[in-house]
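Before any comments, here is the structure.
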Amino acid sequence: MTHTAINQYLADFIQASPTPFHATQQLVQRLTAAGYQHLDERTDWALQESGRYLVTRNGSSLIAFSLGRPEQRHSGLRMVGAHTDSPCLKVKPQPELEQQGLWQLGVEVYGGALLAPWFDRDLSLAGRVTFRSTVGQLSSQLIDFKRAIATIPSLAIHLNRGVNEGIAINAQTDLPPVLAHCYEAGVQLRDLLKLQLLEEHPDCLVDQVLDYELSFYDTQAPATVGLQGDFFSSARLDNLLSCHAGLTALLESDGSQPCLLVCTDHEEIGSSSACGADGPFLEDVLARLLPDNAERIRLLQHSILVSADNAHAVHPNFADRHDGNHGPKLNAGPVIKINSNQRYATNSETSAFFRHLCDQANVPVQSFVVRSDMGCGSTIGPITASRLGVRTVDIGVPTFAMHSIRELAGSQDTAYLIKVLTHYFNSPQLI
C-alpha cells in the first residue's frame, strides 16, 4: 500500500476507536476477517499447528498470535506491544450538574492529558454501558453518540485578561462540558444512555442502566495536512497509531514465524490492572501456549519484544527541550528510545537488532534520549521486560503535541513503521 492508503486505513481505524473498548473491537473485527480464531479465557483451548488466534480481556485489551510453521516453533516469539488507551476526560458516576440554566456532566481527567486543547472543541461521548435487561440479565454494550453533543467553552479574554500569560486549569471546576439547557428537571445521564442503547442496539432489551465507562472525545476527523501533505493530524495517535501498525504488519506477514501482538489498556495510568501490561494477561496467555515452565522460559529467552509507543519529535519552536544530538524529526523513520535509568527497556543488543531490521527493510531510523536535566516518560517496555525477562527494544513514531486532544505525526512514518515491523514478523532469525 502507498503511504496515502495506509494513512486512510489508519484514519478509519482511529475514527472508529474513540475508546479502548472500541479500539479492541476494531482489532477483533479486522483479525477475525483475516481468519484469526477468537478464543475465550473461560474455556479450554485446543490450539492447532500453524493456527492463528486472538483473545481479549475486559473488552479493552487484546493479544493476537500466529503460531507459524512447526519447525520454527522454538526460534522465539516475534512480539510487538502497544496500548489502546489515551488521555481523556471520563464521566463521573453521578455526573449531573445544573448551573446557570445549563446541563453539564462532571468529568475526571484520565492520564496525563494536555488540558488546554480540550476547550472549544466539538465533543462526543462513547464507551461501555452495563445494564439489566427486561429478563433480569446483566449485559454490556458499546455506545458512541458520534455527533457533537457537548463542548467546554473558554472564558472570554475580557473576563480573564491574564490568560495569555498562563493560567492554571482546575480539573474539578473548569472542565465539566456543557450539553444542553436544563430543559427537563431532574434529567439523568442513565436515562439518555438507555435511549442511546435502544437506538444502537434495538434488540438488547434494556430495562435499567446500572453503570458505565464513558469518555468524551473530539469529533474532528483525522486528516492529512500541510502544503504537500507532509503531516497526519488526529486524536489518539498515542497510541492507536502503534496498535494499527502492529495489526497491519501482523496481517501482512507471511505467517512462517511465531508472532504475537499485544495491545493493553491502562498504560497512561501505570498499567497496573487485570488487563494492563503490569497485570497477568500476557503471562496467562503464554502459560496456556506453553504449559511447561522450563520450555516457556527457554522460548522467551529466544524471543524479542518491540515495544511501540510514540516518541517526541523535536519541535521547531522549542528545540531547546531536546538533547542537541537526539532530536527526532517527522518523516525520518521510527525512533529507538533509550534511557540509562530503564524508563525504556532498550539495550545495546536490542537497539542494534532494530537498526539491523531497519537497514534490511530500507527504512530510516532515529534515536531519542531525553535531556539529562529533564524527567523521562516510560512505556509498557520496561514493565513487560521485568515481568517476562524478555529482551526488549522501545521504539515509536515521532510526533508533536503528545497527550493533546489533537496530535501530529509525519505522513510517511506510519508506512515506515509497518514496513519494518512486517520485516520483523517475517525474520527467520532473532539475536
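Excluded from the calculations below are hydrogen atoms, water molecules and symmetry mates; all remaining heavy atoms, backbone and side chain alike, are included. Keep in mind that this is a model prediction, so the values were computed, not measured.
- The two residues His201 and Leu142 have their closest heavy-atom pair at NE2-O, 2.7 Å.
- Here the side chain of Ser133 pairs a donor or acceptor atom with the backbone of Gln137 at under 3.5 angstrom.
- Side-chain contact check for Met79 versus Val262: every heavy-atom pair is 4.5 Å or farther apart.
- By the 4.5 Å heavy-atom criterion applied to side chains, Phe232 and Thr414 are not counted as neighbours.
- Here Asp12 contributes atom CG and His244 contributes atom NE2; the two are 9.5 Å apart, rounded to the nearest 0.5 Å.
- Phe13 meets the ring pair (Phe, Tyr, Trp, His ring centres under 6.0 Å) test with no other residue; sequence neighbours excluded.
- Under the 4.5 Å side-chain criterion, counting only non-hydrogen atoms from C-beta, Asn339 is not in contact with Val369.
- Looking only at side-chain heavy atoms (C-beta outward), Tyr212 and Leu193 come within less than 4.5 Å of each other.
- Open room surrounds CD on Glu108; 12 or fewer heavy atoms of other groups in view lie less than 6.0 Å from it.
- Ring geometry, Tyr424 versus Phe353: the interplanar angle exceeds 60°, so the pair is classed perpendicular (tilted spans 30 to 60°).
- In the displayed structure, Arg288 atom CZ is contacted under 6.0 Å by more than 12 heavy atoms of other residues, nucleotides or ligands.
- Judged by distance alone, with hydrogens and angles left aside, the side-chain atoms of Glu407 form no donor-acceptor pair with the main-chain N or O of Thr399 at under 3.5 Å.
- Of all the heavy atoms in Leu417 and Pro334, the pair that sits closest is CD1-CB, 4.4 Å.
- Crowding of Lys146 atom NZ: a count of heavy atoms from other residues, nucleotides or ligands under 6.0 Å not exceeding 12.
- His356 and Gln360 share a side-chain donor-acceptor pair at under 3.5 Å.
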Step by step, would you call Ile6 with Thr248 a side-chain contact (heavy atoms from CB on, under 4.5 Å)?
CA-CA 9 Å; Ile6 287 171; Thr248 306; 5.9 Å; no
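- In terms of heavy atoms, Ser411 sits closest to Asn7 at O-ND2, 2.8 Å.
- Partners of Ala385 by side chain to side chain contact (heavy atoms under 4.5 Å, CB included), not counting sequence neighbours, listed by chain and number: Ala345, Thr392.
- Within the 3.5 Å criterion, the main-chain N or O of Gln208 finds no donor-acceptor partner in the side chain of Lys194.
- Looking only at distances, a side-chain donor or acceptor of Asp120 sits under 3.5 Å from a matching main-chain atom of Ser154.
- Open room surrounds CG on Asp44; 12 or fewer heavy atoms of other groups in view lie less than 6.0 Å from it.
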Given the rule in the side-chain contact (heavy atoms from CB on, under 4.5 Å) test, do Ile63 and Thr264 qualify, once you have shown the distances and angles that lead to the verdict?
CA-CA 8 Å; Ile63 294 172; Thr264 49; 5.9 Å; no
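- At least one side-chain heavy atom of Tyr53 sits less than 4.5 Å from a side-chain heavy atom of Leu39.
- Residue Thr379 holds its OG1 atom at 10.5 Å from CG of Asp238, rounded to the nearest 0.5 Å.
- Across all their heavy atoms, Arg371 and His322 have their closest contact at CG-C, 3.4 Å.
- Listed for the Asp85 side chain is a donor-acceptor partner under 3.5 Å among the backbone atoms of Glu268.
- Using a 4.0 Å cut-off between charged nitrogen and carboxylate oxygen, Glu213 and Arg128 count as a salt-bridge pair.
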Please report the C-alpha distance between Thr84 and Arg236 in whole Å, then the side-chain angles of each, then the deciding distance to 0.1 Å, and finally whether the side-chain hydrogen bond (donor to acceptor under 3.5 Å, both in side chains) criterion is met.
CA-CA 9 Å; Thr84 59; Arg236 302 180 297 284; over 6 Å; no
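- When atom types are taken as modelled, the side chain of Thr346 and the backbone of Val393 share no donor-acceptor pair closer than 3.5 angstrom.
- Residues Phe131 and Cys204 are in side-chain contact: their nearest non-hydrogen atoms beyond the backbone lie under 4.5 Å apart.
- Within the structure, no pair that satisfies the ring-ring contact (aromatic ring centres under 6.0 Å, His included) test touches residues 251-293, not counting sequence neighbours.
- Rounded to the nearest 0.5 Å, atoms CG (Leu241) and CD1 (Ile14) are 6.5 Å apart.
- Looking at Gln366, its side chain does come within 3.5 Å of a backbone N or O of Gly333 through a donor-acceptor pair.
- For the atom pair CG of Leu125 and CZ of Phe216, the computed distance is 5.0 Å after rounding to the nearest 0.5 Å.
- Side-chain polar atoms of Arg406 and Ser234 form no donor-acceptor pair below 3.5 angstrom.
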Please determine whether side-chain contact (heavy atoms from CB on, under 4.5 Å) holds for the pair Ile152 and Leu89, giving the CA-CA distance in whole Å, both sets of side-chain angles, and the decisive distance to 0.1 Å.
CA-CA 11 Å; Ile152 307 171; Leu89 303 182; 3.7 Å; yes
Extract all donor-acceptor atom pairs below 3.5 Å that involve side chains of residues 311-319 and protein atoms in other chains or at least two apart in sequence.
from	atom 1	to	atom 2	distance (Å)
His315	ND1	Asn317	N	3.0

Test side-chain hydrogen bond (donor to acceptor under 3.5 Å, both in side chains) on His83 and Asp309; report intermediate values, then the result.
CA-CA 8 Å; His83 64 88; Asp309 201 347; 3.2 Å; yes
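- In this structure the side chain of Leu189 reaches within 4.5 angstrom of the side chain of Leu214, judged on heavy atoms.
- Note that CG of Leu105 is 8.5 Å distant from CG of Leu192, once rounded to the nearest 0.5 Å.
- Taking CD of Gln29 as the start and NE2 of His38 as the end, the distance is 11.5 Å to the nearest 0.5 Å.
- Between the side chain of Asn239 and the backbone N or O of Ala308 there is at least one donor-acceptor pair closer than 3.5 Å.
- A donor-acceptor contact closer than 3.5 angstrom links the side chains of Tyr217 and Asp144.
- Every side chain to side chain contact (heavy atoms under 4.5 Å, CB included) that Ile169 has, sequence neighbours left out, goes to Leu115, Ala116, Phe119, Asp174, Leu175.
- Across every non-hydrogen atom of Gln301 and Arg391, the tightest pair is O-NH2, 3.3 Å.
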Could you walk me through whether Lys90 and Cys88 pass the side-chain contact (heavy atoms from CB on, under 4.5 Å) test, one step at a time?
CA-CA 6 Å; Lys90 291 199 170 187; Cys88 63; 3.9 Å; yes
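- Contact check for Ser215 versus Val91: no side-chain heavy atoms found under the 4.5 Å cut-off.
- Residues Ser66 and Arg52 approach most closely at OG-CG, 3.6 Å, considering heavy atoms.
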With salt bridge (charged side-chain N to carboxylate O under 4.0 Å, His left out) as the criterion, how do Glu41 and Arg57 come out once you've worked through the C-alpha distance, each side chain's angles and the decisive distance to 0.1 Å?
CA-CA 8 Å; Glu41 285 195 279; Arg57 183 175 286 188; 2.7 Å; yes
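- For Gln257 (side chain) and Gly68 (main-chain N/O), no donor-acceptor pair under 3.5 Å exists by modelled atom type.
- Ser61 places a side-chain N or O within 3.5 Å of a backbone atom of Asp265 that can act as its donor or acceptor partner.
- A donor-acceptor contact closer than 3.5 angstrom is absent between the side chains of Ser303 and Arg298.
- For the salt bridge (Lys or Arg N to Asp or Glu O under 4.0 Å) test, no residue two or more places apart in sequence or in another chain qualifies with Arg296.
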